[in-house]
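As structure tokens, the structure follows; a few thoughts come after it.
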Number of protein chains: 2
Amino acid sequence: MTAVQTDRSLSRTSARTQARIVEAVVEAVAQHGISGTTLANVAALAEVSQGVLIFHFKSKEGLFAETLRRLIDEYQQGWQAALTEPDALQRIVKLVRSDFAAAICNRKTLALWFAFWGEAAAQPLYNAICAESEIHRYEAMIAACRAFCETNKGETCDPALLAHSIDAMTDGLWLQMHISAKSLSRHDARSMAMAHLRLLLPKWADAIPQ
Amino acid sequence: MTAVQTDRSLSRTSARTQARIVEAVVEAVAQHGISGTTLANVAALAEVSQGVLIFHFKSKEGLFAETLRRLIDEYQQGWQAALTEPDALQRIVKLVRSDFAAAICNRKTLALWFAFWGEAAAQPLYNAICAESEIHRYEAMIAACRAFCETNKGETCDPALLAHSIDAMTDGLWLQMHISAKSLSRHDARSMAMAHLRLLLPKWADAIPQ
DNA sequence: TATTTTAAACTGAGCGCTCAGTCAAAAATT
DNA sequence: AATTTTTGACTGAGCGCTCAGTTTAAAATA
């Protein structure tokens, strides 16, 4: 039996099959929603038998949890790349822009995020996984904001308020991209996020890209 | 057979039962999520038999659709009260504040919104119902913004951008209230929405309440 | 007003079906 | 040869929904 967790002894074929299955879950959720996603349609999309899903992930819940973990991992890899930026303001800019990267900010991925958020209120497991990732991301943002505020002592600058406002705007743009009839493109959304940053930090507006 | 639609000839007992059933759906979704909500647990919460659910709403999907329609109706009644305000800026303020009213902005109701949004990507019916309500609301907001921009011709003022930015911030605050570990209260969220408005309209900051 | 008639509202057992998960055997990999 | 991986038929639980029948309430009649 192969463990679901990051297991170093995972063979190459097994890893590939698991990746294919998780990809099938993403597709299934995009097509049918979480409540319409069954082992049968995931197996069909992955072109494997139902048995193999349970063999690799133990249960349907385990399969969903692993899918959520990989979704979060991919998201984290995106924003953590921004942390190498030495300048605090540019680090904030990069953190925000990472939320609108093509790999993160597309129809299928957003559908997955909102599917899990929709269930998270009732499913403590999903809630816990989401909450942990959210904390990490928020701490990175507030650290950047704190560093930024320190670089201009003259100004009144509340890092927590700044971070909250930035994150709220990003989340709101995600929601609009997800549900909006007037389909908001990720480029437009990113522009609005940047415009919001310029409003928050008018003195540094010139240093914030379009 | 009693029709589901707003039927003037709906008897008092029937109306009361239907309301009780819809209330049970809200509770069931909050407790188990959409995918965990069954006719059996809704019937148990409403203290009626399963048969009566189908009698009144035809199908499980019909029951969910009616619940969504009532959710939207209640939301609309909230924000449409703001339209009586003659002053454009104060109308914008009231529209925003209506999103943070206790009846709209509470754990159970937010959970319901996000449950439907999570499924909407895959369920054309929910998507259509949500989209229609969203259009109405957006048009009210952009009309208010347009009226506001006209009252101060000297300034550069883009009503569409203004409306989008305001709605995005509200949506983002809703999302944070729903998923956030650091539970954001609706009063704090409302304060942030007002702060965002003051940023957008610095010249009129004094006219925007805390 | 008291009684009968009719329709609406509701019940709960149960049907057909799909679901998540099992298992013995086969195939592929090491 | 031993182990891992995959198959696919299978199971029992639980699902949405039906329906024959009962109760309640409203309308019609006397």
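Lettering of chains follows the sequences in order, A, B, ..., and the numbering in each one begins at 1.
Heavy atoms of B/Ser35 sit nowhere under 4.0 angstrom from any nucleic acid atom. If you check every strand for non-hydrogen atoms under 4.0 Å, A/Ser49 touches a base.
Rounded to whole angstrom, the span from the CD1 atom of B/Ile21 across to the C1' atom of C/dT11 amounts to 13 Å. B/Phe55 places its CZ atom 7 Å from the P atom of C/dC10, with the value rounded to the nearest Å. Atoms CG (A/Leu53) and C1' (C/dC23) sit 16 Å apart, rounded to a whole Å. One atom, NZ of B/Lys60, and another, P of D/dG14, lie 15 Å apart when rounded to the nearest Å. Taking atom CD of B/Gln50 as the reference point, atom P of D/dT18 lies 12 Å away to the nearest angstrom. Rounding to whole angstrom units, CD of residue A/Glu61 and C1' of C/dC19 are separated by 16 Å. For B/Glu47 and C/dG12, the CD to P distance is 12 Å, given to the nearest whole Å. A/Phe57 places its CZ atom 15 Å from the P atom of C/dA20, with the value rounded to the nearest Å.
Taking 4.0 Å as the cut-off between side-chain N and carboxylate O, B/Asp99 and B/Lys94 do not count as a salt-bridged pair. Classification of A/Arg69 and A/Glu66 as a salt-bridged pair holds, one side-chain N sitting under 4.0 Å from a carboxylate O. By the 4.0 Å N-to-carboxylate-O rule, B/Arg70 lies too far from B/Glu74 to be salt-bridged with it.
Toward the 5' end of DNA chain C, the nearer of the two residues A/Asn41 and A/Gly51, judged by each one's closest nucleotide, is A/Asn41.
Close to D/dG14, at under 4.0 Å from its OP1 or OP2, lies no side-chain N or O of B/Thr38. Contact check, B/Ser59 against D/dG16: no side-chain N or O comes under 4.0 Å of OP1 or OP2.
Set against D/dG16, C/dG21, D/dT18, the side chain of B/Ile54 has D/dT18 as its closest nucleotide. Residue B/Leu39 places its side chain closer to D/dG16 than to any other of C/dC10, D/dG16, C/dA20. Distances from the side chain of B/Val52 to the nucleotides D/dT5, C/dC10, D/dT18 place C/dC10 closest. Listed candidates were C/dA20, C/dC10, D/dT6. Nearest to the side chain of B/His56 is C/dC10.
A donor-acceptor distance shorter than 3.5 angstrom exists from the side chain of B/Asn41 to the backbone of B/Thr38, with no hydrogens or angles considered.
Atom CD of B/Gln80 has more than 12 heavy atoms from other residues, nucleotides or ligands within 6.0 Å.
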